[in-house]
Chemist: 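I'd like to ask some things about the structure below.
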Amino acid sequence: MSSGLPESLQDPPRAPPVMRTSSDAHPRVREWQSRQVALVAGLLLFESLSGLSIYLLPFSVTNQVQVLLHTAVGLAFLAPYLHYQIRHWRLYRATRMTHVKLTGYFSMVATTVALLSGLVLSYQAVFWTRISHVWDGVHVVATFGVVAAVLPHLLIVVVRNLRARHLEAIGPILTAQRRFGTRSAAVAGVAFVVLGAAVLAYRPVRLVDRLPSDYHYAYGGGAPFAPSLARTSSGGAIDPRALGGSQSCGTAGCHVEITKEWEVSAHRYAAKDPSFRAVQRVMGEQNGPETTRYCGGCHDPISLFAGAKDLSQDALTNPTGLDEGVSCIACHGIQETDIKGNAAYVIAQPKRYLFELDADSTFRPVRDFLIRAYPRQHVTSLEHRRFKSPEFCAACHKQFIDKEINNVGWVQLQNQYDNWRKSRWNHPGDPRKTVECRECHMPLESSDDPASGDELDYNRTADDGKHRSHRFLGGNQFIPVQLRLAGGAEQARLTEKWLRGEIRIPEIEEKWRPGPAVPIELSAPRTVAPGEPVHLGVMVLNNKPGHDFPTGPLDIIQSWLEVVVTDEGGRRVFTSGITDARHFIEPGAFIFKAEPVDRYGKLIDRHNLWEMVGVRYRRSLFPGFSDRAEFTFAAPARSSTLHVSVRLQYRKFNQFLLNELFGETEDVTAPITTLSSAEQGIRVAARGGRE
């Protein structure tokens, strides 16, 4: 914090017009010789220079140490400054107003404001989760005010003394003045020596930003992470520790809510997902471990940039990457993205705060204080406008297979971005109609988080008291529970509500039709004759999703219509799409899925996409489009009423793949979620009794 200034050093009130014969007794000499004045002036000099350095110079270890020392010196400066300022004011308050006295008053006001605002900011940095922008602005302005007031105040007095050669005591005054300058500089110098010693004493965590010596550049030295399109700004590796440590974002008491949301999200378990790990293992065994880099850019960036996806099968995933998947820094460290997908982004390793990467928690309060008191680097390096665009999501939520993977040629896979770009939800320049990725998958949550409010978001303000949910709710209600993540059951419950369209998003609910995300509509006759064919029609509408329904890897995901017709006694008359005891869907069901094939026309059924060259069957719904299923059965001869129940079902993993990955004896199965349903009764009557 900036601190107080030396006094005006003009003659005190009631001083005789003729200089005293005893030069040591002259009030100006006494003021210039005062050790207290020199101490205050020296501390003020250090506070001013260090404060300007913190504000004007780039983020560095030196500047961070200056923040700590600036705060400590400012607190130590408080008592001597107050004592000096009160005494000085009493000494000169009765003198006539001059330009010297006026600059003295300006100095006093500016210093007091700087001191007060510095105390407030120090308190906030210790006990709050963020400092106030208002108080920070006041402190900066007051610091410049201190410099602008003190320099003229001192220079005027010094110049006046140098010109007053005719005065009897001017020699002792000038001698005392020079001594004051020496002492003040010495005080400031000691502070800067302490600063330099602290900077030299700090031992940062040494990151190993290089690939292993035996790393295999399978796709050329210019593309170390190919076939993934992910790149680093340096072109080299990034130490896993630099991209990990996401839990620390919550332990400081800052982003507690966001961290808890992320800990059960698909981003967090992207590398830990056992199905992903099983498929990756097979890919590495068949084609070589370096081919798994294709997956790493999106699922396991920490391992990818550490060079871990070039080692033995047991080491395809770095421990930090395994636990954190798409970590906070792995996402927020991205500097550029490209809409071609396959992890087409550039990530930069952000500069870190003192002790931020230190495993020892002893200095964690120092780290937390620095991030709060000196947040500029934290904000500018980790917060960008690009996060708020669908183009940012496109880097990973758009996938293709190329010749270097399947040895044949380019094949489009899941593509949520272009689905959205061509959909009814994209109206460039018209936020009244547009619905973007973050608005659905990161709905606003009431929050005390420092990240609440966002004036860069087109439909928000800087102080709305909300943050965007980092649960990233989507379509995976299986893995959070299977991994037994803390909070996994709640994540699965919310995911099911999300899939059904039951989670309100007030900021966009006026833009779309209420109700289920994918509603169905049943059409059936009200009355049929015994033995007569009964025709059922079921309309499925992709109402709310901004991309195909279902979306994602359709060789894995299944969504289908389950139709059950029962008579008045509850006996089944007709079924379609029910699952058997082994969790398989009965043949002939109306199902949304894809059937990719390899170069020999063989079905890709183990998610072995590295062999895929095309698709022999695909059924999904574009945003806003509908599809219709037809079912026919004969009305029973001995029934009076029939009850038709239709449900749109969804599960993340088909049973065949789960059996392949985990073994049929494990009885691992994905939960089935009913997205929407419809029912109707049918009267069975003789032809003469028909209505």
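Since the model is a prediction, treat every value here as computed from it, not as a measurement. We're numbering straight along the sequence, starting at 1.
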Chemist: What closest approach, in Å, do S53 and Q66 show between heavy atoms, and which atom pair accounts for it?
Modeler: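 Taking S53 first and Q66 second, the nearest heavy atoms are OG-NE2, 2.7 Å.
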Chemist: In this structure, which one of W420, W498, F472 forms a ring pair (Phe, Tyr, Trp, His ring centres under 6.0 Å) with H441?
Modeler: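 Considering W420, W498, F472, a ring pair (Phe, Tyr, Trp, His ring centres under 6.0 Å) with H441 is found only for W498.
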Chemist: Would you please test Q85 and T111 for side-chain contact (heavy atoms from CB on, under 4.5 Å) and show each step?
Modeler: CA-CA 10 Å; Q85 189 64 71; T111 302; 5.5 Å; no
Chemist: Would you say that R241 contacts T320 through its side chain, given a criterion of any heavy-atom pair below 4.5 Å between the two side chains?
Modeler: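 Contact flag for R241/T320 side chains = no.
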Chemist: Would E356 and K351 count as a salt bridge (charged side-chain N to carboxylate O under 4.0 Å, His left out) here? Give the steps.
Modeler: CA-CA 10 Å; E356 190 175 357; K351 294 180 180 179; over 6 Å; no
Chemist: Identify the residue among N63, V61, V194, L69 that makes a side chain to side chain contact (heavy atoms under 4.5 Å, CB included) with V199.
Modeler: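 Testing each of N63, V61, V194, L69 against V199, the sole residue satisfying side chain to side chain contact (heavy atoms under 4.5 Å, CB included) is V61.
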Chemist: Under the 3.5 angstrom rule, does the side chain of E290 hit a backbone N or O of H216 as a donor-acceptor pair?
Modeler: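 It does not hold such a pair.
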Chemist: Would you say the side chain of L370 lies within less than 4.5 Å of the side chain of V67, judging by non-hydrogen atoms?
Modeler: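 Yes, their side chains come closer than 4.5 Å.
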Chemist: Can you tell me if S107 and H153 form a side-chain donor-acceptor pair at under 3.5 Å?
Modeler: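 Side chains of S107 and H153: no pair found under 3.5 Å.
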Chemist: Report yes if the side chains of L382 and P350 come closer than 4.5 Å at any heavy-atom pair, otherwise no.
Modeler: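 Yes, at least one pair of side-chain atoms sits under 4.5 Å.
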Chemist: Once rounded to the nearest 0.5 Å, what's the spacing between atom OG1 of T292 and atom CZ of R281?
Modeler: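 Here the interatomic distance stands at 12.5 Å.
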Chemist: Of the non-hydrogen atoms in I347 and A330, which two are nearest, and what is the gap between them?
Modeler: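 Taking every non-hydrogen atom into account, CD1-O, 3.6 Å.
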Chemist: Which pair of non-hydrogen atoms, one from N476 and one from I479, has the smallest distance, and what is that distance?
Modeler: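 For N476 versus I479, the nearest heavy atoms are OD1-N, 3.1 Å.
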Chemist: Quick one: closest heavy-atom pair of A270 and V326, and the distance?
Modeler: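 In terms of heavy atoms, the two residues are closest at CB-CG2, 4.2 Å.
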Chemist: What is the ring orientation for Y353 with Y374, classed by angle as parallel under 30°, tilted 30 to 60°, or perpendicular over 60°?
Modeler: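 Geometry flag for Y374 against Y353: perpendicular rings.
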Chemist: Regarding K466 and D454, does a basic nitrogen lie under 4.0 Å from an acidic carboxylate oxygen?
Modeler: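 Not counted as a salt bridge, because no side-chain N and carboxylate O are separated by less than 4.0 Å.
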Chemist: Backbone N or O of I508 within a donor-acceptor pair of the E439 side chain at under 3.5 Å?
Modeler: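 Side chain of E439 to backbone of I508, a donor-acceptor pair under 3.5 Å: no, none is there.
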Chemist: For D448, is the CG atom crowded, meaning more than 12 foreign heavy atoms sit under 6.0 Å from it?
Modeler: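 No, not enclosed.
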Chemist: Does R493 come within less than 4.0 Å of E496, counting only side-chain N to carboxylate O?
Modeler: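 Looking at R493 and E496, the cut-off is not met.
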Chemist: With a 4.5 Å limit on heavy-atom distance, are the side chains of T291 and Y219 in contact?
Modeler: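 The answer is yes, as the side chains (C-beta and beyond) meet within the 4.5 Å cut-off.
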Chemist: Let me confirm one number: the OG-CD1 distance from S122 to I131, rounded to the nearest 0.5 Å.
Modeler: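 Going from the OG atom of S122 to the CD1 atom of I131 covers 9.5 Å.
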Chemist: Nearest 0.5 Å please: distance from the SG atom of C331 over to the CG atom of L243.
Modeler: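 Separation between the atoms: 11.5 Å.
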Chemist: Look only at the side chain of S327 and the backbone of E324, and say whether a donor-acceptor pair between them is shorter than 3.5 Å.
Modeler: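 No, because the side chain of S327 does not come within donor-acceptor range (under 3.5 Å) of the backbone of E324.
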Chemist: So, Y345 versus F392, ring centres under 6.0 angstrom or not?
Modeler: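 For Y345 and F392, the ring centres are not under 6.0 Å apart.
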Chemist: Could you check if a side-chain atom of Q349 sits within less than 4.5 angstrom of a side-chain atom of S234, using non-hydrogen atoms only?
Modeler: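 When only atoms from C-beta onward are counted, S234 and Q349 do not touch, as no gap falls below 4.5 Å.
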Chemist: Take S265 and H470 through the test side-chain contact (heavy atoms from CB on, under 4.5 Å) and record every step on the way to the result.
Modeler: CA-CA 7 Å; S265 73; H470 282 58; over 6 Å; no
Chemist: Of the non-hydrogen atoms in W135 and Q124, which two are nearest, and what is the gap between them?
Modeler: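 Nearest heavy atoms, W135 then Q124: CD1-NE2, 3.8 Å.
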Chemist: Show your reasoning for whether ring-ring contact (aromatic ring centres under 6.0 Å, His included) applies to Y269 and F276.
Modeler: CA-CA 10 Å; Y269 60 73; F276 163 73; over 10 Å; no
Chemist: Determine whether C437 and Y417 make a side-chain contact, defined as any pair of heavy atoms from C-beta on separated by less than 4.5 Å.
Modeler: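 Result no, sub-4.5 Å side-chain heavy-atom pair not found.
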Chemist: Supply the atom-to-atom distance C440 SG to I503 CD1, rounded to the nearest 0.5 angstrom.
Modeler: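 Rounded to the nearest 0.5 Å, the SG-CD1 separation comes out at 11.0 Å.
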Chemist: So, does R130 use its side chain to make a donor-acceptor pair with the main chain of C254 at under 3.5 Å?
Modeler: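 Judged by distance alone, no pair lies under 3.5 Å.
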Chemist: Give the C-alpha distance, both sets of side-chain angles, the deciding distance and a yes or no for side-chain contact (heavy atoms from CB on, under 4.5 Å) between E263 and Q247.
Modeler: CA-CA 8 Å; E263 284 179 335; Q247 282 81 4; 3.4 Å; yes
Chemist: Is there a side-chain contact (heavy atoms from CB on, under 4.5 Å) between K309 and Q280 once you walk through the steps?
Modeler: CA-CA 10 Å; K309 294 191 173 296; Q280 178 183 238; 2.4 Å; yes
Chemist: Is a donor on one side and an acceptor on the other found under 3.5 Å between the side chain of D239 and the backbone of D209?
Modeler: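 Side chain of D239 to backbone of D209: no pair is present.
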Chemist: Determine whether a donor-acceptor pair (N or O, by modelled atom type, separation under 3.5 Å) exists between the side chain of Q491 and the backbone of P480.
Modeler: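 Between the backbone of P480 and the side chain of Q491 there is no qualifying donor-acceptor contact (under 3.5 Å).
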Chemist: Is P274 close to Q482 at the side-chain level, that is, under 4.5 Å between some pair of heavy atoms?
Modeler: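 Touching, per the 4.5 Å side-chain cut-off.
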Chemist: For Y215 together with Y217, are the ring centres under 6.0 Å from each other?
Modeler: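 Yes.
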Chemist: Any non-hydrogen side-chain atom of F225 less than 4.5 Å from a side-chain atom of R231?
Modeler: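 F225 vs R231: side chains apart.
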Chemist: Is E261 paired with R268 through a side-chain N to carboxylate O contact shorter than 4.0 Å?
Modeler: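 No, this pair does not count.
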Chemist: I need the single residue from D300, L322, L316 that forms a side chain to side chain contact (heavy atoms under 4.5 Å, CB included) with R277. Which is it?
Modeler: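 Among D300, L322, L316, the one that satisfies the side chain to side chain contact (heavy atoms under 4.5 Å, CB included) with R277 is L322.
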Chemist: Salt bridge or not for R438 and D457, using N-O below 4.0 Å?
Modeler: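 Result for this pair is yes, salt bridge flagged.
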Chemist: Indicate, with yes or no, if the rings of Y81 and H83 have centres closer together than 6.0 Å.
Modeler: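 Centroid separation for Y81 and H83: 6.0 Å or greater.
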Chemist: Verify, without hydrogens or angle tests, whether T232 (side chain) and A237 (backbone) share a donor-acceptor contact under 3.5 angstrom.
Modeler: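 Side chain of T232 to backbone of A237, a donor-acceptor pair under 3.5 Å: no, none is there.
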Chemist: Say whether, by atom type as modelled, one donor and one acceptor occur between the side chain of Q335 and the main chain of G333 under 3.5 angstrom.
Modeler: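 Yes, the answer is positive, given that a donor and an acceptor are paired below the 3.5 Å cut-off.
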Chemist: Take a 6.0 Å sphere around CZ of R376 and say whether it holds more than 12 heavy atoms from other residues, nucleotides or ligands.
Modeler: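 Result for CZ/R376: enclosed.
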Chemist: Just say parallel, tilted or perpendicular for the rings of Y55 and F144, cut-offs at 30° and 60°.
Modeler: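 Perpendicular: the ring planes of Y55 and F144 meet at over 60°.
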Chemist: Please report the closest heavy-atom contact between P227 and Y294, naming both atoms and the distance.
Modeler: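 Nearest pair, atom of P227 first, then Y294: CG-CB, 3.5 Å.
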Chemist: Drop me the distance from R468's CZ to S452's OG, to the nearest 0.5 angstrom.
Modeler: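 Rounded to the nearest 0.5 Å, the CZ-OG separation comes to 12.5 Å.
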Chemist: How long is the span from the CD1 atom in I238 to the CD1 atom in I302, to the nearest 0.5 Å?
Modeler: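 Result: 10.0 Å between the selected atoms.
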